[in-house]
Each structure stands twice: as structure tokens, then as C-alpha cells.
Number of protein chains: 4
Amino acid sequence: MCGFVGVIGTDRAGAAVHVAMQAMQHRGQDAAGLGTFDGKRFYLHKDLGTAVQAIPPEVVASFGGRAGIGHVRYPTIGSASREDAQPFLTRRPGILAAHNGNIINMDQLEEELRERGLFVLSRCDSEPIMLVLADELTRIRPGGHTSDDLVQALGALMDRVRGSYTVVALMELDGRKTLVGVRDPHGIRPGVYGRGPGGAWMIASESVALDALDYELVDNLPAGGVVLLRGGDEPVVRPVRDAPVRPCVFERIYFARADSIMEGGRVNSVRWELGERLAEEWKARGLTAEVVVAVPDTSRPAAMAVAEKLGIPNREGFIKNRYSGRTFIMPDQTAREAALRLKLNLIGEVFTGKRVILMDDSIVRGSTMRRIVEMVRTAGPKEIHVAIFSPPVRHPCFYGIDMPSREELLAAGFGDEEFDLRLAAYFGVDSITYLSQEGLEAVNGGRTCAACFTGEYVVPISDEERGYILSQRRSA
Amino acid sequence: MCGFVGVIGTDRAGAAVHVAMQAMQHRGQDAAGLGTFDGKRFYLHKDLGTAVQAIPPEVVASFGGRAGIGHVRYPTIGSASREDAQPFLTRRPGILAAHNGNIINMDQLEEELRERGLFVLSRCDSEPIMLVLADELTRIRPGGHTSDDLVQALGALMDRVRGSYTVVALMELDGRKTLVGVRDPHGIRPGVYGRGPGGAWMIASESVALDALDYELVDNLPAGGVVLLRGGDEPVVRPVRDAPVRPCVFERIYFARADSIMEGGRVNSVRWELGERLAEEWKARGLTAEVVVAVPDTSRPAAMAVAEKLGIPNREGFIKNRYSGRTFIMPDQTAREAALRLKLNLIGEVFTGKRVILMDDSIVRGSTMRRIVEMVRTAGPKEIHVAIFSPPVRHPCFYGIDMPSREELLAAGFGDEEFDLRLAAYFGVDSITYLSQEGLEAVNGGRTCAACFTGEYVVPISDEERGYILSQRRSA
Amino acid sequence: MCGFVGVIGTDRAGAAVHVAMQAMQHRGQDAAGLGTFDGKRFYLHKDLGTAVQAIPPEVVASFGGRAGIGHVRYPTIGSASREDAQPFLTRRPGILAAHNGNIINMDQLEEELRERGLFVLSRCDSEPIMLVLADELTRIRPGGHTSDDLVQALGALMDRVRGSYTVVALMELDGRKTLVGVRDPHGIRPGVYGRGPGGAWMIASESVALDALDYELVDNLPAGGVVLLRGGDEPVVRPVRDAPVRPCVFERIYFARADSIMEGGRVNSVRWELGERLAEEWKARGLTAEVVVAVPDTSRPAAMAVAEKLGIPNREGFIKNRYSGRTFIMPDQTAREAALRLKLNLIGEVFTGKRVILMDDSIVRGSTMRRIVEMVRTAGPKEIHVAIFSPPVRHPCFYGIDMPSREELLAAGFGDEEFDLRLAAYFGVDSITYLSQEGLEAVNGGRTCAACFTGEYVVPISDEERGYILSQRRSA
Amino acid sequence: MCGFVGVIGTDRAGAAVHVAMQAMQHRGQDAAGLGTFDGKRFYLHKDLGTAVQAIPPEVVASFGGRAGIGHVRYPTIGSASREDAQPFLTRRPGILAAHNGNIINMDQLEEELRERGLFVLSRCDSEPIMLVLADELTRIRPGGHTSDDLVQALGALMDRVRGSYTVVALMELDGRKTLVGVRDPHGIRPGVYGRGPGGAWMIASESVALDALDYELVDNLPAGGVVLLRGGDEPVVRPVRDAPVRPCVFERIYFARADSIMEGGRVNSVRWELGERLAEEWKARGLTAEVVVAVPDTSRPAAMAVAEKLGIPNREGFIKNRYSGRTFIMPDQTAREAALRLKLNLIGEVFTGKRVILMDDSIVRGSTMRRIVEMVRTAGPKEIHVAIFSPPVRHPCFYGIDMPSREELLAAGFGDEEFDLRLAAYFGVDSITYLSQEGLEAVNGGRTCAACFTGEYVVPISDEERGYILSQRRSA
């Protein structure tokens, strides 16, 4: 998944990027990188860990330039090595770039690049994007590129690179230092830009990075387009390629921070509305309950909405441990069980003797939900009703959300017929209610990428490419 | 504040202690130590950082013995050095011990010990407690101590050592490996013990450590008494000294985990009841509002209770960033402002045009609340009402809660007269409502230590001792 | 100074490079880097410290390919950062390269490269060399380069890049993985290549790297030429530019390992012969002495030769401490004095009452020699005669040996007249004898770079360039 | 083997100890510890690695007191853990102590201590020595000990503790801070003391620690006695137990630094004399040769002496690499072969066509000598004569020198008959000549511990104890 930021037109640009990276930290804690550009030289540091762990203050302080970009890595693809961390640099032309997303045809791109005499040095899919851009730019002219050159090169890039990608880059265009934000034609992964004090600008994966520095949100990055930002100038938005816009709906359901504002609006509100909609569908099934309990943190607004809609109380039944780390193997229980109990503890009396709705955002493999249900059952509830404020995940994501193959997706194994009944039996609960696809669309409109629910992949992907991507998954 | 755990009667005792330490991690992240005892030898490792950072798995794996203790340090007193981390060891008799609390007469104890030929090696107040115990035991006999010897020695210890302390220790008594839990006569700091599978036992600062390993809570450690635990045997509880029991009320209000069960019951429920009580007092003032928003995470149950009691909605208006770390100095704002915004972001629309109750657990210095109010104001609320579900903190704590001197306590500077009005003016809000001392006692009973609210110190402390303790504070 | 190695045509190429790097470690302990090439991908790791400190075995084990290069950095120029460590990679064409030497016109090269649209990313002078090569190659054709292309590109490189350089590179040429060794037209810095088992080849700064892996020395790298090595094939030597060959004479006097074989033959033998020659000149001055003592380790063979030639004993009068590191400031002496005594201890009785010859290779700043003389004097010698087996260093080196500016060179401050007398007075010794320039040439021939002794710089250097280089010196 | 230092009566005592530790670093690089004493408190830091690696300057700077001790550990016995590093502290009475040597009856001491109620916390044999001392002192009186108390307690200690030990300790005696140096009755391990500026004193394993700080050597520590040092006072030497004095002869042959002065005089001179004596015995065998080559560094003075005595040249035939570290497994040779060649390189022409004497100090397992001979043979010598300037090592050392069991000692496997012939055949050399036991005694006198040559153990050791010690060996 990963997160990126870019800043231009401010002193201490490196320090500003570092703060904004921390606001994006939930998008990846595997590695972090930060670079700046002073017009003549690039400065870059990257290492394993979070922004605070990877980037020493004295390094940032030594970096020149009033423009910089940063990246936090989620380990979807590529190795855990320092060399694969973003951002990346090219020398001709000089570009410092990072991206969030997932390239489907990376293998093919690498082949094409090698044929063009360009060696890919890392196993990170950000590098081929960047090299295609550099290659297309140098095809036009060796140096001294203009904005028009960039739009032309991005056109070729959008034709050649398939998948989801939001790119932030620093380079010289029209003889000026320029912060560039690019988004794939479908706009699958999120990206925003905003205005800071004194003519400064920021690009980021989520709007909360703007909030952390009191920058004002201007707009989403244009799908299939590019934004050019320069200190003190107004933003220049240039369309590149046209296609149906389909932002990832799973960002709003699960991955993004609740305080982020995206195409669909405030994430927290989206989750609230999904909860309201789910409550209606739940009532329509003729079910009743006495208390709603959210599995924290994502489900909290949806649980509040359900409680209000059903007129029953919402209670905290789980406490999340912010400090849980590795667990060694225990004598009397499996490490995974210990790990769950350490991470998520029960307030039993909330459940005891009650008919309970257990709210969660989604079920992927199902193993966590099974262990939660077991834990809840020890408190002696009268009934357990699982309620999920999104449809069943039946298809893997190839656009940047870390999901297992179809075989490992729990919902994919339960067919259509009597799906709810059989799944409730599997979990040993009294009922399970997913939000319907219609319910999802009622809240989000149909103009999202919901491939993980529907199997309709907005960027076509071959079987070979599917296999390649799943085999590269580190968490697989 | 600090947290401790002890385990006896189980294989992989070190691994169990390590998991339990992670459940106690909220009580201190400054340093961590873990030791075990196999009847002949002690094993010990300590280092700076959290349990996961400080204790390598291969070290724990190399430790022998079916009994162990662990400690996580909050940096109240003493230096940031590895040598001052707990647990500590004495050789005669062999004791491995750790404690939570704060000794008032440490200077005097060190002097007495030196006169008795005993050198204190660290600047941690755990060491003098332990040396007093070792000294009193060797006065009785050089080795081969019995439970009666321990009770007698603890009597002397409780007479000599003044302050708050809960101690966990491993030693040989009556010729058997014994896990010992001691609590000061007033029972100021918390401590519980519980039963595990196969005759295992655990002692811990909070019950959530038991939960993490599926141990069953048996009871609180006896104030002024000792619990002796041996694998496979029933616990032996021995009284030592009698005094009014006064558990710290601030643990329930702020410091303990919401899922912990203490003398006052489940912390989450205590906070809920404090919220209910506060709602009544609030209504009695004739105030009204449209929405309740908690400053996360501690105030969440109280805010829920207030909302239900007042019949108005409870909304999430702040999102906490779990990853915020250091911030370098920014050009256009102070680092502290950046740090707050990075740590706590606003969902503005919750506040816009509304009459809002802002709920928090307490106000110490007041600087955070001031910045929160400023942030909320940017969203354009109609009215801001601050509501605190505890009385004003007007007195420093000398029993282990890290608080500044009286001069720095905001509430101490506003006298009694028109206190609320003047404080509301200071914050620039429409009203501020603290829970009354009666309200606090209605929920908790009068049998707590509430010195930070009332100034009635259950263990008397001289001016000299006050000065000494405040001067040793690392955060001062 | 730095050292490099390259290996091709062997399994575990990375492991072989790592061993060879350790044999080159005396050439630099500041940073180390190791990379390999499998024909499709490059692998690279670099970090601060020695080869053993910087390169973890598991990283090398994960590297593919039967060809690799390595580099150890001496901190002459550039910062202490990881990013400035060698080797470097270019993507178009794919080249992994490292070098030893010093580029005089780095500023100008960077400017030219930027005009050609190529950004230099580090402050290491190895990068511009490599980029000039890549640029010249892509001028000829975008990819698929031949050996002839390389020879043509190197011609342009030798015209553009001024200074001393020996370069090792891995790249694809004529469709095959090729290990390339290049040496500047004057052949200032050393470089050799040799044959290993099973068709393997190695290039290294010094022949001792070959010895460490039992490779057989074939020849020096051709000055102004290139060697192309491929696993299983015979070496291809191609001339590029012709110029007077002038290998650095200071390598033999001081910097190289005694067991290395260079243009002048075995370094140990050169030092012996310099000693013999010095003995003759010494005798010619009419001086006599009773014992010769070497300042270890470099002077040992020369001292042996002097002793044999003069027919007086050679004794060990100093013991070098292999473990001396930093010294904190002491109360009763300066840190520098403590540091010398810690590093070099005296065996006093060797000197007591004797007329002693103190042998050293050279005098740069003179501060160490002064402290050695003071230390020797405490042992009560009858006479102290300093003998240096090279001429006075009066001129800074701009070709890669780390020397201070002219102002700081002791010999430069003593003019020509009565030079020996005044310098002996300065040190407070009975005589000082340098080897004459004729003596140096008698042993080495005139065909060396001896600019530090004569001021005749074989590659012309402007005042501006001199100033730039001295200002970049880290040890300056 | 290990090394220790102690300093009293100087400012910056910690810094002085740190410098002196570096001068002792050849005695152990496994771990290092440094502590000071200000009369009221002890300060201590220890960690793995060399003094420079383990002890940060800021830690030393934070230590109070004008007295300190330090220790460098050689990993003979005990684990590689930080907790087992020296020095150790006891609280009653307050003693900071470190030792060099090897205790034979450690098992028994631990048992006795446990019976006395004293737990040993580490696996380092320094701790039991210290606890026996503390125990004996507290038997006399609980605190306020006098010098007479110490002498009395040391008497008991010398009766109870068997093995070799030199101890340095800091404690309060007669109401004054005192630096104490103790040596076992046979004086097996070395130890000296000396006078510094302004009334300061130092104790150290070897005299070179004194040299590093310009302290003046006063005397060896008295075997079976104790030296009491206080800042500004003259040393007090007190005898404790009387026994035949037998300093370890192997220190002089191999382990000590050449510039150290011990009971036998300057180590360098001892090695020279051993060489002279060996030359005589060699000539007496009727052997002749053309050149002598030392295996560096220990054999260098002996080789010089042999060359002078035989009237043939001494040449450097090997160069030692100061930077060789680990080697990964190579494809075409074993790691051990690579490691030797990396560590010790050949100057072949010194040997080619010559009748060569190869000098070394001793042969333990023989594997290194065999590989050296193989390497020399590649240079094509006419004859190889191995000459060892000590007798054959046939017996393991139990007093602190790290040697393998008898089975692994090469010489032990060749019996007495035709020993030289058969061993020469084993190495494939023309002759092998060991120094005779008479020759050794002629130089050193008979009053040394030469158990590794003769099997006469000055401190009796049972078979059980032998087995225990060998099993604890880390290098075994």
C-alpha cells in the first residue's frame, strides 16, 4: 500500500516532509526514505523501519533545497532490503520519485527497459515506472525538458505501464524546480494536494499529511493527469489520458485513516454511512440484538451508526494493546492465540448474557474473526451476530492492497447458496450479515474499484501476471 | 509508574513473562528487564527500550528455571541508564526483585544501609527496598530462610521504608522456590495475582497481564501483606502491617488500561460511572449541548456515558496517530504545535456550528488542553464546553505518578473563588466543569488515595523529602 | 587512496571479493562496498567501516552472479556518508564500477555532465568518471555495446578526465559479462590482474589480493589502456591513450603492503634497496653509529638493509600496539602524547648509552617524529641520528595520497640551505639524513611520479584546482 | 588470559583506566568493563568487545571518583554474555574487583558459598573469588574493615581458592579508599604496580599499561601477598601465604607483549636469549642453513638472535594482515586455508632455492604450522628447518592459558622416541628443533611454571577438575 508526500516552496523542506511522513506512517512501517532537491543536487537517505527509526534528524538537517519527497513502505512486493526502499533517483534526466500502487506488467517493463539499454537495479516496482518516464523524456530530448515534454512522456507511460500508481516526483521542468503528482487513468490509489503558508505546496497519499502541517486541502490528484507545483505559483493541472475513474473502495473501508478526506469524502463519514446502511439491511433480515460492539479501531464509527439506527447501546468490548510485538512460543497455547489476546483484550461483562452485534470492516482469511468469536464466547453472551460493513471479499487485489490468493480468501470458499448460513455455522455464531453490493454502491456510487468484492478488474490482468504478483508477495 | 510481572510453576517461564510484560508496556517504555530462577542460579537481562526492544528471544531461551519476573520502567526517577533498570539481584540471600511505586525516604535508607556495610549500586529506588529486605533477613539468620522469617523481615521493612511500593520477588523460602508479592500498608500502587494452567501462578501490576496468558484473576495483592506462590500449591496470604487501605484513584482515571480490573472494579466501568456522575453534575449546572466528543483514548467510556445520560450524540472528533514521534523544528510553527497536530487530528465537521462538550480525564499543566481548544475552534463550533471527569489536580503526587511541582499544576494557580469562570476564560471556552470531590467519592468510595486532588497525603512527607523527589524527576 | 578488487568466472564470486577486500583493507577502513552481476541484474551493498563490519555474510550469500567487484574507502575526499561509498551503478548502460585515485577536474566534469542532462548524485569522484563513461558509450549507441565501443569511449574519457584513476567495472560487452580494468595514461595509481582456478580472473589494487585467494599474478594493468576479462577466456589488453608512465613512488615507500608486487617489483625489496642506498649516502657523510632501530612497520626492511650495509646490529626498539583507539583527555598530559605512547611503546635499553640510527620512511607534518625523538631521549641514548629512506616531502599530492597543504609540510618550511642542519636542530637530534633524489631514482628509475618530492606534477593542475582539492580534504 | 588495570589518586581516573585497558587489549578482546569508586558510590559499565567498542566516553565522563579499575576479557571460560564480563561488585562490603587467572575448584566454591547463603550470579570465576573475600571479611566484622582484616580474610581465601589468580580491587579499608592488588601464592599470572604523577598509583597485568600513561614501574605484585595503594601514600606490601613462586613461562614465550617487563625481565630480551640458546642447540645438532625467517610477530627477536649467532641473514618472509577477519566458504579451497593466506602472506623469493630456518614460538595443535610449511614449500626452498624457541607443549594448561586437551596437543601424540624425526616427517620438513627444557631453564631459571612442557602442575588438580575445566572451555 505505501504512502508518499512531496513538499515544495518552503524552508526546511526535509523537516516538513519528515513530519508529513509520520502522518502517513499507518500506510507502511517497513522502510522509509526522504530526499530533497536544491536545483543542482539531490540528497537522499533511506533505511528500514518507520520514518523516525530510518531517518536521523542530523541527516535531514544536512540536506539542501526547498523541495523534498518522502515515502513509507508497506511490504507488499519486493524484499525487505534497504536497496529496495523508495524514493529512487535517475540521473538522466535528474528525477527523484516515489510511488504508491502496484504495477501488473513489471516483468514486461523490465524486459523492454533492458532492450532499451536500461538496467533496473532494485526489485521495487517504483523503479521501472521512473525509468519508463526517464526513457520517454530522453527520447524527446536529452535534457532541458518542458512541461509539454512531460505530458507527452506521461502519455507514453500511461500506455506502457499497467496497474495502479500515484507518483510523486521532483525534477527540473521549464528550467524550474517542479514537484510533480501523477495518478493512473483510473485513479485507483488515493492522492491529494494542498496549499501551505508562503506559497508552499504539498502532495500526499492522504489529506491527513496536510493537516499535520496545517496545509489546506485543494483537490484530489487528477486521475489520468498530472499536477505541477512550484513554490509561489498556482498549481498547473494537465490531463494526460482519459478513462473511467475508479478509486479503491477498500481504502475507505479499511486502509485509510478515519480523518482522511478522499474522493468519497471524509473516511469517518463513509464508515458511518456504511454502518447506517448495514443497520437497515440488518433490520430487514428481521434480526434483533441488545448491544453493538466494534472490533477496534476501524469499525468504531460504523458501530456507532448501527447503534443509533437500531436504538440499542454501543459499548467498548475490546481494548487494543498499542505495544504488542512478537510472542515467543508458549507452553500451553499457540503463539498466534497468545498474540491475539495480547493485542486485543476482552471486556467480558459487556457481552455476558447479551444478544450482541459484533461489528468489523471485513473478513479476509477469517482466522482473526474466528479467534475473536472464541474469545467473546468465553464471556457467555446469549447470541453473537457478526455484522460486516462491506460485502464478502472473494477476489484478490492486484492494485496494491495486500491480500492473499483466492484460495485463502475465506468467503471465496463458501459459494453463493446459503452463504450466510454456512458461514455463520463455520464461525459458530447466530448470524452473519455482510453489507450488500447495492448497499456499498448506495453509499459510494458505482464509480469505485470494488474488484475484491465483484471480481471486475478495471485494469485487465492475465493469469500469468496474477501468478507472478501473488508469487512476489512477501506476506504470502 | 512502571509495571511488573512474576510467574512461577510453568515451563518457558521467561517467555510467559515476556508476553505479560508487553501487556504492561503502557506503564513504561523507558527500559525493561527480565530474570528467571532455577533454584540454584539466577538469570537476568535488562536494557533500554520496550520489552520487545530490550529483551532478545535468544536470551530468554537460554534462561533456565520455571519461575521468572519482569519489569517495564517509566522514567520517573533515576537516570536513563541500563544499570538503573529493574529487576535487581542480591546475593545474600539470593533475591531477584522489582517494584512499582516511589520511596520517599530513599536518601535516609541509603545512609542507614551504608552504616550497615551495604553499598547501594544504582540510583533506582528499587534497590534500597531490596537491600533492606536482604539485611533484615540476614539479621534473622544468614541463610535457609523460612516464610516466618520473611514476614518478620517485611514487618521491619514496612516500618523503615516509607512511600508506595508493590514488590515482586523470587527467592528460596522454606527450602522452595517462591514467588513473592508484597504491597505497602496503604496499598497505594496496584497489584493482582492469578492462577494459570497446570498449577502456575502470576503476579502483575494489572490484571490485563493475566488476560494475555489466559490466567484467571484471583485477587488483589493484600495491602500491608504478602502473597507466597509456589508451582502447584495454593497461594499463602500473610498479613504484615495494618493501615488504612488507599489505592491510587488516578490509576483508574488515567493511568491503567481500561480493561484492567482493580480494587474499584473494571477500569472501563469506573470511567463510565464517573462520566454518568459528571453528566448529572453538568445538568445540575443548567448547561446544555448538542454533541459530546472525547479526547481519545481514556475519555471514551466517560463520553459515551455522558451522551447517554444527556440524550445527545457521542461522536469521534479526533483521530490519534499511533506512529507520531519526534518532530524537527518547522519554519512556520513551533515544534510543539506540529507535534500535537501530528498526534491528534481533528474531524472538523463534528464540531462545526455545534454546541460541543469536550471530554477529558484530567488537566495537569493545561498546555495540551489549550492547544486542543485552539484546534477545535478552527472548525467553528457554536459553543465549547470542557468537561473533566475528575476533580482539579492541585497537588503533586509523591507516590509514583509523574506530575510536576505545584507551581506547574494549572489548577493550583486559579484559587477557589470563581475557579470555573476564571479557568474557562483562561481556555477561552464557554464553560469548564470538573467532577466534584463528592462525585469522585460517590463512585470510588472515600477509601482511595486522592492526594493529587485533596492534598491529603496518606504517607506523611516532609518539605525536604518533597524537594528531593521533585529534583530527581527526570521529566521535571 | 582506497583499494578495489574485481572477480569474474567463479562461483561464490561475492565471497571471493569479500576475502580479497580484506587483503586490501590497509588501503582504507572508512567504508566498504561489494556488488555482483549475473548478466541481468546487479546486486550491491555498501556501508561505513571495514569489509567485515560493512558487508554482512548473509547479504553476500543472497547475491547472484559469477562476477563481482568490491571497494574499500580511505577518506581522502567526500563525506563520511554511506551514500558516497563505492562501487556505483549506472543504469544506461548497466555498469557497476569503483575506482582508486583522485580526479582533478571534478567540478568541471559535474558541470559538463549536468549540461548533458546527467545528474551526479554523490560527492564521490568515482561517480563522474563512471558517468562520463556511460555518457560516451550512449553517444555511440544506446545499448548493446562492443569492446570497440568501450575503447572509443575510454579514449574520450581519458581526454576529459584529468587526474589519477584505476577503475574496475562490471558490464556487458559484445553480449558477454565482462570485468574491465582501466588505468589512467600515466598509470599513477597501482593495479594488477591475475589468473585463478577454473578460468577465473581477478583485478585488484595490489597483488596481495591475488595471493589471498591463491590467484597467480599476470601483469600490471596497462597504463592508458584497458584489460577485458571473461570467465574461461584469455585476457584482452587494448591500448587507449599513450603517455609517459609514472607510477606513484610513494606507494612503494609507504602506502602499499610490503608483500605487494608492483611496477618496481616486490615492495619489500624496494624498501630494502632504498635502505642500502641510504646506508651508502649515510656513510658518505662520514657518520657512524652503533645500532639501527626501525620505526615499525614500514621501515623494518630498510633498517635491516642499513644494519647489514653498515655492519652494525638492527634491534627492535619500539612495539606497536595493534589495538590502540581513541584516548580521552588525560589530566597530566595531552591526548596526543598519550595516543602516541599507547600506539608505540619504547624498549628503552636498546637505546641507552648508544649511538642510534632511527629509521623511518618519510616525514610529513613532523609531529609524530618529534614525539618519537622525545620518547627515545628518555632512554638516554648517546646520539640520535634520524635516517629517512626517501627525499623530503615538500609538495602536496593531488593524485590520491592524503597529504596536507604545502604550509603544513614540515620540509617545505626549511628551505634548501643548511636544510639538514636546521632540521636536525628542530628535532634536537645529532643528524638527519634523507635519501637523495638521485638515490631514489637509482632504485626506482626516473619513470615514477615523485611530485611530492620534486613538485613536478605529471598531470598539470591549476591553482584553482589545487585549492578546491585541498578544501575537500576531510583530514585537512 | 585476560588483563586488568587499577588506578588511584588521580583526576579523570576513568579516562586513565580506559587508556591503560587499551595497552592491555592484546590480553583479550571479548568483553571489557570499567568501574570507579568515589568513596560513597560505585560506577560500572561493561559490554562485549574491546575497550573502545564497549566503553563509551560519555559513560566514563559521567563516572565520579579518583580511583577505578578495568578489565579486558579473553574468552577462556564462561559464556559470551555481557553479564559475565568483569569487573564485579559486591554490596557487603562494597568491593569492585576483577581478576586474571583460572580457578580450579570453582564448582566447590560455588557450593560452599551457596551453603553460606551467597548466590553466585554469573558464570565468571572472578565472582566466587570476590564472594569468598566478601564472606571472609563479613565473618570478621559486618563493616568498617581494616587492613589487618583484609590480610586475615586473604589468608582464608588463599586456603580456599585453588588455581592462579591476580586480583585488583577497590574498597574502603581503614576508613580510606584503597586500591588492592592480590596475587596467588605461586604468582602464576603476572601483575605489576607503579607510580604516577601527583601521588597516583597503578596496578596492571603488564608493565606496558604503566608506560602508556608514563607511570614508573615499581615492582611485581608479591606472590602470596597484597599491595595496598592510596593516593599520595607509599605502597604497603603485606605477605599473606608463602609458597614456591612459579610465574608462568608461557607469558614470556608467547602471550605477553614484547615490551613488557616481568619477573624474568623484558619479554623481548627473554625471547632474544631463548633464540640465542636455541641457536647453540641447533648448531650442536650439526645443522646448517642460509637464512632465518620468523613467523611474525612473536618470533622476531628470537629469529634476530639466531641469525646473529649463526652468522646468517635474517629476512622477513611473511607479512601479517592486521585487518583479516572472517572468511566465508570459498569454492576452491577451505575457509581455513583462505583464512591463513589472508592473515599471513608469503614473500616467496626469500625462500626460493634456500636452506631456510623457520622460527616460531611454539606448536600447539600443529595445524597452523602445517599450513605455513605448505605455503613456504610453494616458493621452492632447498631445505626447510623448523626451529621452536620453547620445548614441546605436551600438557594442557589449567592456570589460565587457553589450550586444548592433551589429545589435541600435537606433541603429546608423538611420544619420546625419535620424536624430532617423526615430527619432521609429519610436517614434511628437513628437521625440527625444539629448545630443550634445560635451555629454557638456563634462560628463565627453574623457578617458573612450565607445566605445559613438563606436566608438573604446581597447584595439584584432580581428574574431575581437569574434565570440568576443559568442558567449560569456549574454544574447545
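Please read these numbers as outputs of a predicted model, since none were measured by experiment. Chain letters run A, B, ... following the sequence lines, proteins first, then strands; residues in each count from 1.
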How would you list all residue pairs meeting salt bridge (Lys or Arg N to Asp or Glu O under 4.0 Å) that involve residues 31-43 of chain B, not counting sequence neighbours?
Arg41(B)-Glu110(D)
Between atom CZ of Phe119(B) and atom CE of Met171(D), what is the distance when rounded to the nearest 0.5 Å?
9.0 Å
CZ-CG distance between Arg92(D) and Leu118(B), expressed to the nearest 0.5 angstrom:
3.5 Å
Under 4.5 Å to a heavy atom of chain D? For Arg116(B) that would be both
Per-residue tally against chain B (heavy atom, under 4.5 Å) across Leu89(D), Ile95(D), Val59(D) peaks at Leu89(D)
For chain B, find which of Pro142(D), Gly117(D), Pro93(D), Ser122(D) contributes the most heavy-atom pairs closer than 4.5 angstrom.
Gly117(D)
With a strict 4.5 Å heavy-atom criterion, list every residue of residues 128-138 of chain B that contacts chain D, or say none.
Leu131(B), Asp135(B), Thr138(B)
Which residues satisfy the side chain to side chain contact (heavy atoms under 4.5 Å, CB included) test with Arg230(B), sequence neighbours excluded?
Ser147(B), Leu173(B), Asp174(B), Arg176(B), Thr178(B), Asp233(B)
List for me each residue that meets side chain to side chain contact (heavy atoms under 4.5 Å, CB included) alongside Asp107(D), sequence neighbours excluded, and say none if there are none.
Tyr468(D)
Evaluate the criterion side-chain contact (heavy atoms from CB on, under 4.5 Å) for residue pair Arg82(D) and His45(B); output intermediate values, then yes/no.
CA-CA 9 Å; Arg82(D) 206 167 67 197; His45(B) 184 86; 3.7 Å; yes
Test side-chain contact (heavy atoms from CB on, under 4.5 Å) on Leu121(B) and Arg91(D); report intermediate values, then the result.
CA-CA 7 Å; Leu121(B) 305 179; Arg91(D) 291 190 183 95; 3.9 Å; yes
